[in-house]
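Each ligand, and each atom within it, is numbered from 1 in the order the structure gives.
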Amino acid sequence: MCRSPIDGRPQIFASTALQIRVAKMTKVSSLPADDASCGWFHLSPARQPRPSHSGTRKARWVVVGAGFTGLAAARQLALNFPDEEIVLIEAQQVGYGSSGRNAGFAIDLPHDIGADDYIGDIATAKTSLKLNLTGQGILKDLVEQHRIDCQMRPAGKYQAAIEERGVAVLDAYRRGLDKLGQAYEMVEEKQLPEHIGTHFYKKALFTPGTLLIQPAALVKGLADSLPKNVTLYERTPITEVEYGDKTVLGHRNGKIIADKLVLTNNAFGMSFGFLKGSMLPVFTYASLTRPLTADEQARLGGKPYWGVIPADPFGTTLRRTVDNRILVRNSFSFNPDGRSQPKYLERFVKRHRESFERRFPMLQGVDFEYTWGGALSLARNHLSQFGLLAPNVYGALCCNGLGVTRGTVTGTLLADWLAGERNDLIEFLLSSPGPNRNPPEPLLSLGVNLNLMWGQHRAGKES
Ligand SMILES: Cc1cc2nc3c(=O)[nH]c(=O)nc-3n(C[C@H](O)[C@H](O)[C@H](O)COP(=O)(O)OP(=O)(O)OC[C@H]3O[C@@H](n4cnc5c(N)ncnc54)[C@H](O)[C@@H]3O)c2cc1C
């Protein structure tokens, strides 16, 4: 029988997928292997990674995965339990994983792609908004408090459409935002170049609440400002786990024995025996140009920095960064083991080039300096996992592509729940049935790949 970490009462597993018992000894079936070419990582302030672990160590709390979710969970555990030691373990360097290689939109608004108006059930949307705003607030405060130099700007975001189908999405989302009482501005084709330079789009829905960040700079700064009772070990991939009264985490040079284990390693949670066949490691790709010259900036026009997301989820995300580079993100691949594959970088950089040239004919000759990929952890029902995974094992997993704010708030709230806190947000997260189960292989890969191909084809000019 599994008991609540708070009051010791018997507890039912949150998701039926989790009723499957985890094997006592689990070989971690796949380890992260991101490519070495992420622009954000190389352009953010260099730091000395914390030493990897060797030998044997015991700890009350061990958190695995130092992305937004794990950094937030470790920080909050340290604040909630100031007399206890928290160990945070990261397989790569902080900033090298998905948290450092995303497009850098810390988004406030809910966006339920399963609903006609993208808002859906209003009570759920309100809670989702509150969660995202809480995550944003935590990040804003930490950036200010620790003076983290991560180009954070309250720039809002443009959701832009080229084709009629995309314009219909914007209209539907506008109706949803009315229902939710959120501010927006519709920007018409003629006015758009004053905002984002390019004449490419027909219409955009501007919402003011998004913060834009340099993601690798932010996570590096978060790692370097952790409370004193957190020990971070980088470049320490956990390769095997033995579950029991205590959890033994094995790696190449030793082991760490945890009273309580917190998993914040997104889709790699499956490699630890949880939610197997429920999360989808889908990669998406980005390129970053060299800085624009003063002349190129003048030819581009528009505001000094901005972010555009596509009306079609398979379309192209764009940013003009604070240091005057253009970021292009599009294209997807399904990498079931969660590891990057060089063939996709070669293929998708060409697509980035085409998307860039269609949008910025005035920027001919502006090369990409970096192209990289990174994993999203998606669930077919768009739900996340929060809470108990097995006796003394807890998790906040499956960020569904919105991990900057969501990962931050769920990591924080998981640590609060573990300290006995109860509130409406925690209740909401605990009540989620979690990611649903996928069909078995080879049907799964076939289905996901067909879906990705069809989606990218259907995106047409939006890509
Ligand atoms: C190109 C791209 C663009 C994106 N754009 C956005 C965006 O604009 N806004 C947004 O909100 N989200 C965006 N995302 C998604 C966002 O990056 C993720 O949702 C977020 O990183 C999830 O954070 P996390 O901390 O839960 O997981 P992760 O960032 O994946 O962190 C998990 C960590 O666990 C570590 N780990 C895994 N296995 C082990 C092991 N065995 N031992 C030790 N450590 C392990 C990994 O190395 C990793 O660092 C984007 C993603 C990509 C790839």
Taking atom types as modelled and ignoring hydrogens, do the side chains of D416 and N80 form a donor-acceptor contact shorter than 3.5 angstrom?
-> yes
From CE (M270) to CG (D337), nearest 0.5 Å | 10.0 Å
Heavy-atom contacts with G374 under 4.0 Å: which atoms of ligand 1 show up? List them by number with element.
-> 53 (C)
Would you give the length of the straight line joining atom NZ of K276 to atom OG of S29, rounded to the nearest 0.5 angstrom?
-> 6.0 Å
What about S98: any of its N or O atoms under 3.5 Å from an N or O on ligand 1?
-> yes
Between the side chains of E85 and W61, is a donor N or O closer than 3.5 angstrom to an acceptor N or O?
-> no
Quick one: look up the protein heavy atom nearest atom 26 (O) of ligand 1 and list residue, atom name and how far away it is.
-> T69 OG1, 2.6 Å
Indicate yes or no: does an N/O atom of A91 lie under 3.5 Å from an N/O atom of ligand 1?
-> yes
Side-chain H-bond candidate by donor/acceptor type, T371 with S287, under 3.5 Å = yes
Polar proximity ligand 1 side, A106 side, N/O cut 3.5 Å exclusive = no
Numbered in order shown, the ligand 1 atoms found under 4.0 Å of a heavy atom of N266 are 22 (C), 26 (O), 27 (O), 30 (O)
For atom 34 (O) of ligand 1, the protein heavy atom that lies nearest, with its residue and separation | G65 CA, 3.2 Å
Which atoms of ligand 1 sit under 4.0 Å from any heavy atom of L31?
-> 41 (N)
Sub-3.5 Å N/O-N/O distance, T405 and ligand 1 | no
Among non-hydrogen protein atoms, atom 37 (C) of ligand 1 lies closest to P32 CG, 3.3 Å
Identify whether NZ of Lys or CZ of Arg in K220 sits under 6.0 Å from the centre of the six-membered ring of F41 and within 45° of that ring's axis.
-> yes
In terms of atom number and element, which parts of ligand 1 are under 4.0 angstrom from non-hydrogen atoms of F272?
-> 41 (N)
Please state whether V64 comes within less than 4.0 angstrom of ligand 1, counting heavy atoms only.
-> yes
Protein heavy-atom partner closest to atom 12 (N) of ligand 1 - residue, atom, separation in Å | G401 O, 3.1 Å
Quick one: which of Y285, F356, F348 gives a ring pair (Phe, Tyr, Trp, His ring centres under 6.0 Å) with F368?
-> F356
Any non-hydrogen atom of G407 lying under 4.0 Å from ligand 1?
-> no
With a cut-off of 4.0 Å, which atoms of ligand 1 are near a heavy atom of T284?
-> 1 (C), 2 (C), 52 (C), 53 (C)
For the atom pair CD1 (I257) and OG1 (T247), what is the distance rounded to the nearest 0.5 Å?
-> 10.5 Å
Ligand 1 contact on D34 by region, counting heavy-atom pairs under 4.0 Å | neither
Side chains of T239 and K27: is there a donor and an acceptor less than 3.5 Å apart?
-> no
Closest approach of any protein heavy atom to atom 35 (C) of ligand 1, naming residue and atom | E90 OE1, 3.4 Å
Quick one: look up the protein heavy atom nearest atom 10 (C) of ligand 1 and list residue, atom name and how far away it is.
-> V404 CG2, 3.4 Å
Do ligand 1 and R329 have nitrogen or oxygen atoms that lie under 3.5 Å from each other?
-> no
For ligand 1, which part of T264 has a heavy atom less than 4.0 Å away: the side chain, the backbone, both, or neither?
-> backbone
Just checking, any donor-acceptor pair under 3.5 angstrom between side chains of R75 and S225?
-> yes
Salt bridge present between K58 and D259 (N-O < 4.0 angstrom) = no
Report yes if A286 has an N/O atom closer than 3.5 Å to an N/O atom of ligand 1; otherwise report no.
-> no
Note: ligand 1 atoms sitting under 4.0 Å from heavy atoms of F68 are 25 (O)
Purely on distance, is any nitrogen or oxygen of G403 under 3.5 Å from one on ligand 1?
-> yes
Interfacing atoms of ligand 1 (cut-off 4.0 Å, heavy-atom, C399) = 19 (O), 26 (O)
Candidate with minimal heavy-atom separation from atom 40 (C) of ligand 1, of I238, L249, N400 = I238
Donor-acceptor pair between S355 and N330 side chains, under 3.5 angstrom | yes
Ligand 1 atoms in contact with F268 (distance to a heavy atom under 4.0 Å) = 37 (C), 38 (N)
Write out the residue and atom name of the closest protein heavy atom to atom 51 (C) of ligand 1, then the distance separating them to 0.1 Å.
-> L376 CD2, 3.3 Å
Starting from the C-alpha separation in whole Å, work towards a yes-or-no answer on ring pair (Phe, Tyr, Trp, His ring centres under 6.0 Å) for F314 and F332.
-> CA-CA 8 Å; F314 285 93; F332 296 93; 5.5 Å; yes
Are H195 and F206 close enough, and set up right, to give a ring pair (Phe, Tyr, Trp, His ring centres under 6.0 Å), and what steps lead you there?
-> CA-CA 10 Å; H195 295 251; F206 176 76; 7.1 Å; no
Quick one: are L109 and L177 in side-chain contact, heavy atoms under 4.5 Å?
-> yes
Nearest-contact summary for atom 6 (C) of ligand 1 - protein heavy atom, Å | N102 CB, 3.4 Å
Cationic N near anionic O, under 4.0 Å, K255 to E242 | no
Is a salt bridge present between R47 and E234, judged by a nitrogen-to-oxygen distance below 4.0 Å?
-> yes
Name the option, out of P237, G67, S99, that contains the heavy atom nearest to atom 29 (O) of ligand 1.
-> S99
Examine F105 against ligand 1 and note whether any of their N/O atoms are separated by less than 3.5 Å.
-> yes
